[in-house]
Amino acid sequence: MLSSTDFTTASWELVVRVDNPNEEEQKDVTLQVSGDLHVGGVMLKLVEQINISQDWSDFALWWEQKRCWLLKTHWTLDKYGVQADAKLLFTPQHKMLRLRLPNLKMVRLRVSFSAVVFKAVSDICKTLNIRRSEELSLLKPSGDYFKKKKKKDKNNKEPVIEDILNLESSPTASGSPASPGLYSKTMTPIYDPINGTPASSTMTWFSDSPLTEQNCSILAFSQPPHSPEALVDMYQPRTLIDKAKLNAGWLDSSRSLMEQGIHEDEQLLLRFKYYSFFDLNPKYDAVRINQLYEQARWAILLEEIDCTEEEMLIFAALQYHISKLSLSAEIQDFTSESEVDEIEAALSNLEVTLEGGKADSPLEDITDIPTLADNLKLFRPKKLLLKAFKQYWFVFKDTSIAYFKNKELEQGEPVEKLNLRGCEVVPDVNVAGRKFGIKLLIPVADGMNEMYLRCDHENQYAQWMAACILASKGKTMADSSYQPEVLNILSFLRMKNRNSASQLTSSLENMDVNPECFVSPRCAKKHKSKQLAARILEAHQNVAQMPLVEAKLRFIQAWQSLPEFGLTYYLVRFKGSKKDEILGVSYNRLIKIDAATGIPMTTWRFTNIKQWNVNWETRQVVIEFDQNVSTAFTCLSADCKIVHEYIGGYIFLSTRSKDQNETLDEDLFHKLTGGQD
């Protein structure tokens, strides 16, 4: 028989270090515990022994050796496997973090270090009034990000003191779920579509949010352009391998900040990770649209994405226009704005929703599917052949394109009929040279078939290009988005159209900002300052009447139309290959790219993926496609989990719909991205 004294000998000493922000030094506290004591009991004993009267509700136990939180307070020490040699830290779950936003503004706020990153980012976005937090994530900057800045700092005798937006009183600081703050369904801040300023009436209603009216304007307005010298000092990736290095630092969305070695007050980058922007609404998304515009702007300026010189000048003209409007909007007094009756606005929105929104005549869509038929020129690339276009009669119906030798043979068998569902559509346009081309990459079992179409004029190009874009998404020209797509393409072509500048000479003197601020350093080197200013002002004439928010949205649309848009690069080694290659991950496909030449070799569509997983022993990502096609690769520039999460994340985002009322299935996200069997 065992006596009660034998049970007491089963207890043992556990040393816990207490990290109390109110105390200068961390202190070790020794507790007498037993293996059947639950974690909540340990914390209770600890607080009693510390004997300091304060709010301990945000504190939890962190196990240093295992790098995990002991958050299941009903679990016993035995169940967790905690023994006398365990190093435990009793520390707040919410700590300060410095975040560099897409507009390069530094924000300091309190973030949960115990919640998974997916949840932490959701809380951060609620604090900053950014909807659709699932599109963003946290990136740990690589050494290259700071390399040039350090070089610059050595030459500076006086250190630059950065203006940090401090949101320490963030609602995410408490242990309870984040307060909605400005992030509300019915009373979301509306901002003026003309000048983009947020409506002041709503700002004061949500006083529990640290994002005051002034702070909101800092995040919703474009920052003044950086000097050309500052641009040159920033890190610019030169090769695909350089670009691959930039993407190595994405944090694992399924683990907490603490588990990934992030320290209190460390600097991370908050970025749009997934290039699938859902439901961008100027009415609610002042901060989101501006931060997205800023991320696009820096991608252009630092040449993280390639564009032609003609496109660079359009981007420069839009930046110049936005910079001017932002400056004048900031000067305005917010309080002088007309008050908005938010309840009435919410009821009116509800009424529109109940009536079915803007009627896009769905019945008409079902019964009448339009077709396009016209003469176009076709080129199919083959080795050792010059690029010779041949004219055919083309017919576009549903999501398929067919071509015949001439119009008279339309009722017979076509030369070829191609279904464009899942294809890649790339613009091949030079407005100055009157070249309106469409490049189609059509998926087949072993890669992609490439073909080029050439149109005669802008209107023909806009109609066929819009039809191809919709067909690639599985939609027909009966879809309500067809006409807006045609108009978007036409307006973008008009921006590229260079007018004869009548007021150019007088405007040159009025350009109060250095033109080199709006183009990449490499582009700036090719032109003299006056020549560059003249070309930017010439392009600016096409956008001079645009309101602020429309100009930002147009910039984002132009960025989205670039061939390389949305591609995230990783250096990989495919199974059976002896050389390193680049894997490009996009919102709808994976691309195998030659690392030396940058030429795409094979494309796989997400729609053809049957399953994907990670072999954790060999660190290989294995993907199986339809038609018994499979591939496997190891990731050399980043952890294989990052690439796996990208694929699962894009597939998760494709499941979103407006009917979901902004609620997300977080469990589904972790199931698709976790990499677990």
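Index from 1, following the sequence.
Judged by distance alone, with hydrogens and angles left aside, the side-chain atoms of R656 form a donor-acceptor pair with the main-chain N or O of L653 at under 3.5 Å. When atom types are taken as modelled, the side chain of Y646 and the backbone of K273 share a donor-acceptor pair closer than 3.5 angstrom. Without hydrogens or angle criteria, R271 side chain to L101 main chain gives a donor-acceptor distance under 3.5 Å. Formation of a donor-acceptor pair under 3.5 Å by the D285 side chain with backbone atoms of R288 is not found in this model. Judged by distance alone, with hydrogens and angles left aside, the side-chain atoms of R573 form no donor-acceptor pair with the main-chain N or O of T634 at under 3.5 Å. Of the possible polar contacts, one joining the Y650 side chain to the Y275 backbone as a donor-acceptor pair under 3.5 Å is found. No donor-acceptor pair under 3.5 Å is formed between the side chain of Q260 and the backbone N or O of L257. In terms of modelled atom types and a separation under 3.5 Å, the side chain of S323 and the main chain of Q319 share no donor-acceptor contact. Judged by distance alone, with hydrogens and angles left aside, the side-chain atoms of N247 form a donor-acceptor pair with the main-chain N or O of K243 at under 3.5 Å. Checked by atom type and distance alone, the side chain of S122 never pairs as donor or acceptor with a backbone atom of F118 at under 3.5 Å.
Under the ring-ring contact (aromatic ring centres under 6.0 Å, His included) criterion, F315 pairs with F555, sequence neighbours left out. Scanning for side chain to side chain donor-acceptor pair (under 3.5 Å) contacts around S577 gives an empty result, with sequence neighbours left out. With sequence neighbours excluded, the residues satisfying side-chain contact (heavy atoms from CB on, under 4.5 Å) with A248 are A638. Evaluation of the side-chain contact (heavy atoms from CB on, under 4.5 Å) rule for K575 yields Q620, A632 as partners, not counting sequence neighbours. Under the side chain to side chain donor-acceptor pair (under 3.5 Å) criterion, D306 pairs with no residue, sequence neighbours left out. The side chain to side chain donor-acceptor pair (under 3.5 Å) check on E450 picks up Y452, with sequence neighbours excluded. In this view, F492 satisfies the ring-ring contact (aromatic ring centres under 6.0 Å, His included) rule with no residue, not counting sequence neighbours. Taking the side-chain contact (heavy atoms from CB on, under 4.5 Å) definition, one finds that S472 meets it with C423, V425, sequence neighbours left out. Qualifying side chain to side chain donor-acceptor pair (under 3.5 Å) partners for S254, counting only residues two or more places apart in sequence or in other chains: H670. Among residues two or more places apart in sequence or in another chain, the side-chain contact (heavy atoms from CB on, under 4.5 Å) test is passed with L292 by F272, F277, L280, I556, W559. With sequence neighbours excluded, the residues forming a ring-ring contact (aromatic ring centres under 6.0 Å, His included) with H540 are Y320, H321, listed by chain and number.
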Intermediate values then yes/no, side chain to side chain contact (heavy atoms under 4.5 Å, CB included), L99 and L138: CA-CA 9 Å; L99 292 179; L138 298 174; 3.7 Å; yes
CA sep, side-chain torsions, deciding dist, call: H263, M258, side chain to side chain contact (heavy atoms under 4.5 Å, CB included): CA-CA 7 Å; H263 302 293; M258 200 91 156; over 6 Å; no
Verdict with supporting geometry, R238 and Q236, side chain to side chain contact (heavy atoms under 4.5 Å, CB included): CA-CA 6 Å; R238 295 295 182 198; Q236 294 159 60; 3.7 Å; yes
Full working for side chain to side chain contact (heavy atoms under 4.5 Å, CB included) between I623 and W604: CA-CA 10 Å; I623 307 172; W604 301 281; over 6 Å; no
Worked verdict on K439 versus D428 for salt bridge (Lys or Arg N to Asp or Glu O under 4.0 Å): CA-CA 6 Å; K439 179 182 174 183; D428 182 25; over 6 Å; no
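If you check the side chains of S491 and R494, you find no donor sitting under 3.5 Å from an acceptor.
Between S227 and C517, the shortest heavy-atom contact is CA-SG, 4.3 Å. Pairing each heavy atom of S222 with each of N290, the nearest pair is N-OD1, 3.4 Å. Looking at every heavy atom in both residues, V614 comes nearest to C640 through CG1-SG, 3.7 Å. Between N129 and V287, the shortest heavy-atom contact is O-CB, 3.8 Å. Counting all heavy atoms, side chain and backbone alike, R589 lies closest to P563 at NH2-O, 4.5 Å. The minimum heavy-atom distance linking S133 with V121 is given by the pair O-CG1, 3.8 Å.
Here NZ of K526 is found 11.5 Å from CG of L532. Values are rounded to the nearest 0.5 Å. Atoms CD1 and OG, from I642 and S637 in turn, are 8.0 Å apart once rounded to the nearest 0.5 Å. Atom CG of residue L553 and atom CE of residue M546 lie 10.0 Å apart, to the nearest 0.5 angstrom. Taken to the nearest 0.5 Å, the CD1 atom of I130 stands 9.5 Å off from the CD1 atom of I124.
Every pair passing salt bridge (charged side-chain N to carboxylate O under 4.0 Å, His left out) that includes a residue from residues 591-600 is listed here, sequence neighbours excluded: K579-D594.
At most 12 non-hydrogen atoms from other residues, nucleotides or ligands lie less than 6.0 angstrom from CZ of R522.
Ion pairing of R108 with D265 is present here, as a side-chain N (NZ or NE/NH1/NH2) and a carboxylate O approach within less than 4.0 Å. In summary, E294 and K552 do not engage in a salt bridge, as defined by a charged side-chain N under 4.0 Å from a carboxylate O. The pair K95-E266 does not meet the salt-bridge criterion, since no charged nitrogen lies less than 4.0 angstrom from a carboxylate oxygen. One finds a salt bridge joining E458 and R434 here, because a Lys/Arg side-chain nitrogen approaches an Asp/Glu carboxylate oxygen to under 4.0 Å. The pair E264-R110 fails the salt-bridge criterion, with no side-chain N (NZ, NE, NH1 or NH2) lying under 4.0 Å from an Asp/Glu carboxylate O.
At least one side-chain heavy atom of L109 sits less than 4.5 Å from a side-chain heavy atom of V111. Considering only heavy atoms from C-beta on, V643 comes within 4.5 Å of L583 through its side chain.
Taking the six-membered ring wherever Trp is involved, the centroid distance between the rings of Y274 and Y587 does not fall below 6.0 Å.
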